[in-house]
Amino acid sequence: MNIHEYQGKAILKEFGAPVSAGRAVFSVDEAEAAAKELGGPLWVVKSQIHAGGRGKGKFKEAEAGEKGGVRLAKSVDEVKTFVGQMLGNTLVTIQTGPAGKQVNRIYIEDGSDIESEFYLSALVDRSTGRVAFVVSTEGGMDIEDVAHKTPEKIHTFSVDPATGVMPHHGRTVAQALGLTGDLAKQAGQLITNLYAAFVAKDMAMLEINPLIVTKDGQLKCLDAKISFDSNALYRHPDVVALRDVTEEDEKEIEASKYDLAYIALDGTIGCMVNGAGLAMATLDIIKLYGEEPANFLDVGGGASEEKVTAAFKIITSDPNVKGILVNIFGGIMKCDVIARGVIAAVKAVGLEVPLVVRLEGTNVEEGKTIIRESGLNVIPADDLDDAAQKIVAAVKGTR
Ligand code: ADP
Ligand code: MG
């Protein structure tokens with residue numbers, strides 16, 4: 001689960017990490033009050049969307065101009081103007097995709113005098129089973145580019161959960177960022193605080209880009225991107241309360257109600273698969289035969305007929321879906337249950353696109369019979385390869 005920058009900063013502040021004073025606002029009136037309260041003389045008006053690259057992003061609407069989603073304002077009037085231009089409009093950044101995201105909240109923050117910008121992030125490193133930190137002097141820019149072109153500028157280290165952050169971690173960060181004296185001390189404290197926040201809140205990722213040194217020698221987290229481990233949300237009602245469903249894909253929200261592992265993608269072939277590995281293989285083979293998957297969907301090991309029906313409805317509600325591939329290996333899950341679920345769903349929502357069904361495993365013959373005798377226009381397939389070729393051919397045929 002992702003949250004907005006201003007919510008992330010509130011959490012960082014709670015754990016003693018340095019952030020600027022700021023207020024989240026939903027209207028121009030609120031922005032005026034917030035700007036007056038903060039006092040200036042420099043404000044930063046920041047669009048709040050669940051995507052990065054806002055500074056270099058562009059609004060679609062002419063009234064917001066070509067200006068980015070993060071703008072410096074030198075007066076209360078300027079704050080009001082920028083907020084008016086951003087609110088309700090669509091910001092396109094490298095992370096939003098061409099459709100962009102509508103800006104519904106704005107964060108007004110004290111402007112900082114920046115001496116230098118760094119990159120810092122923390123994430124769960126699965127290979128070591130620890131929380132790893134990534135730091136670089138190349139802040140504010142696309143860190144992927146830095147990693148690609150100048151990997152020597154990226155420093156990583158992981159923290160042993162038995163000891164937590166040690167003084168040597170602080171020294172590693174200070175050295176990597178070229179900080180000495182009091183700033184080195186601040187870096188050590190920052191790492192300690194960020195690690196505490198990361199662990200306490202079950203974060204999956206925490207990215208500060210940029211982490212800055214101000215002209216008066218203070219380290220500060222100028223941006224904050226946090227995502228949480230969904231499996232641990234049950235013990236963080238305070239985090240769940242920060243969820244902004246307007247930022248999420250409607251189909252993904254619906255899927256989460258049925259406990260389906262669903263991720264919307266950009267392609268044309270809707271997929272219903274059981275098991276994450278088989279789902280990944282299915283996406284790969286669709287691409288291999290020249291089409292793009294419309295989603296990742298793992299209905300799980302022991303899906304009920306109701307769950308299968310829900311999954312089918314979610315897939316067919318996507319207007320980009322031009323064909324559906326059901327690929328089920330019946331182990332714990334039985335093929336006849338899947339077959340009944342598919343039939344029930346087709347009867348409930350109708351079927352306007354080609355449907356290929358590949359069943360294998362427990363009760364496969366029963367499952368195939370149910371589909372055959374349903375009288376529905378389903379294309380049966382024998383194996384994964386056959387299924388992928390059939391659905392790709394069917395989708396190409398409809399164009
Ligand atoms: P994004 O990563 O989405 O572009 P950031 O929060 O990183 O958004 O802001 C983009 C840039 O705007 C930063 O790299 C920084 O140079 C500037 N900026 C952001 N917040 C402030 C602030 N409070 N004071 C001064 N400059 C800021
Ligand atoms: Mg940033």
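Index from 1, following the sequence. Side chains included, hydrogens not; waters and symmetry mates left out as well; all remaining heavy atoms used. Both ligands and their constituent atoms are indexed starting at 1 by order of listing.
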Inset, instruction - Indicate, as side chain, backbone, both or neither, the part of T93 found under 4.0 angstrom from ligand 1 when only non-hydrogen atoms are considered. - result: neither

Inset, instruction - Check each heavy atom of D110 against ligand 1 and say whether those closer than 4.0 Å belong to the side chain, the backbone, both or neither. - result: backbone

Which of the numbered atoms in ligand 1 are under 4.0 angstrom from any heavy atom belonging to [X]?
X	result
P210	7 (O), 13 (C), 14 (O)
G52	3 (O)
R54	1 (P), 3 (O), 4 (O), 5 (P), 6 (O), 8 (O)
G111	24 (N)
G53	1 (P), 2 (O), 3 (O), 4 (O)

In the protein, which heavy atom is nearest to [atom], and how far is it?
atom	value
atom 27 (C) of ligand 1	L222 CD2, 3.4 Å
atom 23 (N) of ligand 1	E109 OE1, 2.6 Å
atom 6 (O) of ligand 1	K46 NZ, 2.7 Å
atom 22 (C) of ligand 1	V44 CG2, 3.2 Å
atom 2 (O) of ligand 1	D223 OD2, 3.0 Å
atom 4 (O) of ligand 1	G55 N, 2.7 Å
atom 26 (N) of ligand 1	I114 CD1, 3.6 Å
atom 24 (N) of ligand 1	S112 N, 2.9 Å

Inset, instruction - Flag atom 11 (C) of ligand 1 as yes if some protein heavy-atom distance to it falls below 4.0 Å, otherwise no. - result: no

Inset, instruction - For atom 17 (C) of ligand 1, decide whether some protein heavy-atom distance is shorter than 4.0 Å. - result: no

Please determine if [X] and [Y] form a salt bridge, counting it only when a charged side-chain N lies under 4.0 Å from a carboxylate O.
X	Y	value
R105	D244	yes
R243	E248	yes
E254	K251	no
E5	K225	no
K201	E14	yes
K80	D29	no
K322	E291	no
D383	R358	no

Legend entry - Verify same cluster id: V124, L233 (apolar side-chain graph, 4.5 Å): yes

Inset, instruction - Measure from the ring center of H169 to the ring center of F133 and say whether it is less than 6.0 Å. - result: no

Inset, instruction - Please work out which of K225, K56, Q95, E117 has its closest non-hydrogen atom nearest to atom 14 (O) of ligand 1. - result: E117

Legend entry - Shortest-distance N, O or S atom of D223 relative to the Mg ion (ligand 2): OD2

Inset, instruction - Using distance alone, decide if ligand 1 has a nitrogen or oxygen within less than 3.5 Å of any nitrogen or oxygen in V70. - result: no

Inset, instruction - Kindly compute the distance separating CG (L260) from CZ (F296), expressed to the nearest 0.5 Å. - result: 11.0 Å

Legend entry - Side-chain (T93) to main-chain (Q95) donor-acceptor, under 3.5 angstrom: yes

